[in-house]
Colleague: 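One structure, as structure tokens, below. Some questions next.
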There are 2 protein chains.
Amino acid sequence: MGITKKEIFSPTQNELATFAKVLGHPARIAILEYLFKLDSCVCGDLVNEIGLAQPTISQHLKELKTLGLIQGNVEGTSVCYCIHKENWKAMKTMLSEFLNHDSTNMATCC
Amino acid sequence: MGITKKEIFSPTQNELATFAKVLGHPARIAILEYLFKLDSCVCGDLVNEIGLAQPTISQHLKELKTLGLIQGNVEGTSVCYCIHKENWKAMKTMLSEFLNHDSTNMATCC
DNA sequence: TATTTTAATCGTAATATTGCAATGAATACT
DNA sequence: AGTATTCATTGCAATATTACGATTAAAATA
């Protein structure tokens, strides 16, 4: 169906999945890496840097913004996007906790 | 188009996105959490535990297996699935490195 | 051998995602 | 005012994902 049955999972599981999902596209990874590399950024730079059409970049930026990972301020004709530090940190904490599930003491069953 | 232009991104960016993508569904998060909670597991347990139909669970397991995050061994009529420790660790390292991009010294541009 | 159990696979329907051309909105520049 | 620049939005086509009923495959058991 293409529709995810969110209601049968916990809020944490859904939130984790949502964060992971937004990172699940190389363009968004590239955008975030570029934003980290710079201090600031405008959409035009990203179009040149990444090589997707402007509407496509704009769409990816919107998804990142909706989740709160980046923020954008209008500056004249261009828009200055940058990482939303606090939200990034919150995501990092959440994902790290999941990734750090310790498996070293697990019985080897297979 | 629904098709991702992987060729314009670096191998690392694509791999990162692929890992994140497989974590981008609450059912797969739930499966992994359940596998961590136990020592071993069979598919039937997961169907009861999670509440999706058996073919759906099987499909999610396949994706996790294809990426190497879990491994499964046939034991009689059932299959024993568990976390693939090494590959999990590799993914953890890769994602952590990305998440740990330091933004504390970034100029506040917006 | 027939039946049961367990999980993979097939086929299909519904929805989501990705990408871009065309267009629109807002500001800067001449 | 008129033009150029920059980015968002709209509309659409192509592909991917999610979910499940039906079926199949393989091993255990009666």
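Order of the sequence lines fixes the chain letters, A, B, ..., with proteins taken first and strands second; residue numbering starts at 1 for each chain. Keep in mind it's a predicted model, so treat the numbers as computed, not measured. FYI, side chains are in, hydrogens and waters are out, and symmetry mates aren't considered; it's all heavy atoms of this structure.
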Colleague: Side chain of A:Asp45, backbone of A:Cys41: donor and acceptor closer than 3.5 Å?
Modeller: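 It does not hold such a pair.
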
Colleague: Heavy-atom contacts under 4.0 Å between residues 51-64 of chain A and DNA chain C, which residues?
Modeller: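 A:Leu52, A:Ala53, A:Pro55, A:Thr56, A:Gln59, A:His60, A:Glu63, in order of number.
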
Colleague: Run the side chain to side chain donor-acceptor pair (under 3.5 Å) test against A:Thr77 and tell me which residues pass, sequence neighbours left out.
Modeller: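 Partners of A:Thr77 by the side chain to side chain donor-acceptor pair (under 3.5 Å) criterion come out as none, since no residue qualifies.
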
Colleague: Mind running a 4.0 Å heavy-atom check of residues 2-21 of chain A against DNA chain C and sending the residues that fall below it, in number order?
Modeller: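 Only A:Gly2, A:Ile3, A:Lys21 qualify.
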
Colleague: Pairs under 3.5 angstrom only: tabulate donor-acceptor contacts from the side chains of residues 55-64 of chain A to other protein residues two or more places apart or in another chain.
Modeller:
{"from": "A:His60", "atom 1": "ND1", "to": "A:Arg28", "atom 2": "NH1", "distance (Å)": "3.0"}
{"from": "A:Glu63", "atom 1": "OE1", "to": "A:Arg28", "atom 2": "NH1", "distance (Å)": "3.2"}
{"from": "A:Glu63", "atom 1": "OE2", "to": "A:Arg28", "atom 2": "NH1", "distance (Å)": "3.4"}

Colleague: Report the distance from atom CG of B:Asn73 to atom P of D:dA27, rounded to the nearest whole Å.
Modeller: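 It is 14 Å, rounded to the nearest whole Å.
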
Colleague: Any sub-3.5 Å donor-acceptor pair from B:Asn14's side-chain atoms to B:Lys6's backbone N or O?
Modeller: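 Present.
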
Colleague: Between the side chain of B:Gln13 and the main-chain N/O of B:Ser10, is any donor-acceptor distance below 3.5 Å?
Modeller: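 Yes.
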
Colleague: Can you give me the N/O atom pairs linking the protein to nucleotides 27-30 of chain C at distances under 3.5 Å, or say none if there are none?
Modeller:
none

Colleague: Side-chain N or O of A:Tyr81 less than 4.0 angstrom from OP1 or OP2 on D:dA8?
Modeller: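 It does, given that an N or O in the side chain of A:Tyr81 lies less than 4.0 Å from OP1 or OP2 of D:dA8.
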
Colleague: Reckon B:Val47 touches a base, only the sugar-phosphate, or nothing at all at heavy-atom distances under 4.0 Å?
Modeller: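 Nothing: the residue B:Val47, judged by heavy atoms under 4.0 Å, touches no strand.
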
Colleague: Please answer whether the main-chain N or O of A:Glu75 pairs with a side-chain N or O of A:Ser78 as donor and acceptor at a distance below 3.5 Å.
Modeller: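 It does hold such a pair.
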
Colleague: Tell me every residue that passes side chain to side chain donor-acceptor pair (under 3.5 Å) with B:Thr18, counting only those two or more places apart in sequence or in another chain.
Modeller: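 Scan of B:Thr18 (side chain to side chain donor-acceptor pair (under 3.5 Å), adjacent residues dropped) gives none.
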
Colleague: Is there a donor-acceptor pair under 3.5 Å between the side chain of B:Asn87 and the backbone N or O of B:Gly68?
Modeller: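 Side chain of B:Asn87 to backbone of B:Gly68: a pair is present.
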
Colleague: Which heavy atom of B:Val47 sits nearest a heavy atom of B:Gln54, and at what distance?
Modeller: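 In this case the closest contact between B:Val47 and B:Gln54 is CG2-CA, 3.8 Å.
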
Colleague: Output yes when a side-chain donor or acceptor of B:Trp88 lies under 3.5 Å from a complementary backbone atom of A:Leu99, and no otherwise.
Modeller: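 It does hold such a pair.
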
